[in-house]
Asker: 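This is the structure I want to talk about, given as structure tokens.
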Amino acid sequence: MPNAQPERPLPARLAVALEMPVLAIGNIVSWCAILMVVLEFAVVLMRYVFGIGFIALQESVIYLHAATFMLASGAVLARDGHVRVDVVYSRLGPRSRALVDLFGALLFVVPLALLTFDVALPYVARSWAILEGSRETSGLPFVYLLKTLIPAFAVLLAVEGIAMALKALAALAAGRER
């Protein structure tokens with residue numbers, strides 16, 4: 001078949017499989033930003049126009065903000081949307097970029113994610129043990145769910161770091177085949 005594309009190497013296929021749920025979660029969570037704007041508008045309107053304070057609504061904006069940033073960080077990394085001091089990287093060739101990505105993922109992203117997960121687990125477990133709620137009387141009773149975003153962030157970041165390393169390995173392997 002003249003139009004048939006060559007099969008991707010195994011590391012590239014694994015990277016795509018790992019990234020699919022990370023990107024899907026990022027796409028779903030991106031809608032939190034719109035909901036957050038609508039709720040914050042409602043909070044401001046209620047407070048300054050009608051003189052009504054609604055703590056649970058204010059806290060829901062905080063929860064959405066946390067969910068947006070914690071759960072979308074892996075997808076941002078997958079789309080190369082993270083902050084990078086791009087003085088040297090943009091001038092590197094494909095092989096050098098792949099090496100930087102590989103070492104960056106293995107030396108920084110994955111270890112940071114694993115450390116975050118390890119440190120956060122007891123903190124989150126204590127919160128779940130008491131089903132921690134808001135300190136405010138009329139606040140949301142779901143602080144334990146909010147804290148659960150921390151290990152979820154770490155898992156998504158670790159998965160994306162592994163996918164990043166696999167993509168870099170695939171790029172390095174493809175460079176050798178030429």
Side-chain angles (χ1 to χ4, degrees), residues 1-37 61-128 144-178:
M1 286 186 272
N3 290 339
Q5 294 182 0
E7 189 174 317
R8 289 189 209 171
L10 181 62
R13 289 193 315 252
L14 286 172
V16 168
L18 286 172
E19 272 187 347
M20 283 177 55
V22 173
L23 290 170
I25 290 168
N27 289 337
I28 291 167
V29 168
S30 68
W31 288 96
C32 287
I34 295 169
L35 185 56
M36 195 172 25
V37 169
V61 172
I62 294 168
Y63 281 47
L64 287 169
H65 186 264
T68 301
F69 282 89
M70 300 296 269
L71 299 178
S73 61
V76 169
L77 184 60
R79 293 184 177 112
D80 205 27
H82 56 287
V83 176
R84 173 186 301 167
V85 180
D86 203 0
V87 177
V88 177
Y89 189 82
S90 63
R91 296 180 185 166
L92 297 176
R95 181 170 167 73
S96 297
R97 283 186 188 191
L99 283 169
V100 169
D101 288 344
L102 178 63
F103 290 121
L106 296 179
L107 295 176
F108 297 108
V109 176
V110 174
L112 172 70
L114 295 175
L115 178 65
T116 302
F117 184 84
D118 186 51
V119 170
L121 221 46
Y123 174 70
V124 174
R126 281 191 301 274
S127 186
W128 272 86
Y144 61 99
L145 291 176
L146 182 64
K147 289 182 178 182
T148 303
L149 293 173
I150 300 168
F153 154 79
V155 167
L156 291 169
L157 200 60
V159 168
E160 182 50 41
I162 293 166
M164 202 171 133
L166 289 169
K167 285 190 288 186
L169 284 173
L172 289 169
R176 272 191 227 118
E177 292 173 3
R178 292 181 186 174

Asker: With side chains defined as the heavy atoms from C-beta onward, is the minimum distance between Arg97 and Ser90 less than 4.5 Å?
Answerer: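 Arg97 vs Ser90: side chains touch.
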Asker: Test of understanding: with side chain to side chain contact (heavy atoms under 4.5 Å, CB included), list the residues that count as partners of Leu35, not counting sequence neighbours.
Answerer: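 Partners of Leu35 by the side chain to side chain contact (heavy atoms under 4.5 Å, CB included) criterion, ordered by chain and then number, come out as Leu39, Leu64.
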Asker: Could you grab the distance from atom OH of Tyr63 to atom CG of Leu149, nearest 0.5 Å is fine?
Answerer: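 These two atoms lie 9.5 Å from each other.
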Asker: State, to 0.1 Å, how close Gly161 and Val109 come at their nearest heavy-atom pair, and which atoms those are.
Answerer: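 Shortest heavy-atom contact: CA-CG1, 3.8 Å.
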Asker: Taking Ala171's backbone N and O only, do any of them form a donor-acceptor pair with Arg95's side chain (distance below 3.5 Å, no angle check)?
Answerer: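 Not a single qualifying donor-acceptor pair exists.
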Asker: Can you give each donor-acceptor pair under 3.5 Å made by side-chain atoms of residues 9-23, sequence neighbours left out, with the distance rounded to 0.1 Å?
Answerer:
from: Arg13; atom 1: NH1; to: Glu7; atom 2: OE2; distance (Å): 2.5
from: Arg13; atom 1: NH1; to: Arg8; atom 2: O; distance (Å): 2.8
from: Glu19; atom 1: OE2; to: Lys167; atom 2: NZ; distance (Å): 2.6

Asker: Please examine the side chains of Tyr89 and Asp101, heavy atoms only from C-beta on, and report whether any two atoms are closer than 4.5 Å.
Answerer: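 Contact flag for Asp101/Tyr89 side chains = yes.
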Asker: Just verifying a value: how many Å separate Thr148 OG1 and Trp128 CH2, rounded to the nearest 0.5 Å?
Answerer: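 Those atoms lie 5.0 Å apart.
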Asker: Going from CG on Leu166 to CD on Glu160, what distance comes out if it is rounded to the nearest 0.5 angstrom?
Answerer: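 It comes to 10.0 Å.
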Asker: Calculate, to the nearest 0.5 Å, the distance between atoms CG and CG belonging to Leu172 and Leu99 respectively.
Answerer: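 It is 5.0 Å, given to the nearest 0.5 Å.
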Asker: Looking only at heavy atoms, which two atoms of Thr68 and Val29 are closest? And how far apart?
Answerer: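 Taking every non-hydrogen atom into account, CA-CG1, 3.3 Å.
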Asker: Which atom names give the shortest non-hydrogen contact between Val110 and Ala158, and what distance separates them?
Answerer: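 Shortest heavy-atom contact: CG2-O, 4.0 Å.
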Asker: Find the distance between CZ (Arg126) and CG (Leu121) and round it off to the nearest 0.5 Å.
Answerer: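 With rounding to 0.5 Å, CZ (Arg126) is 10.5 Å from CG (Leu121).
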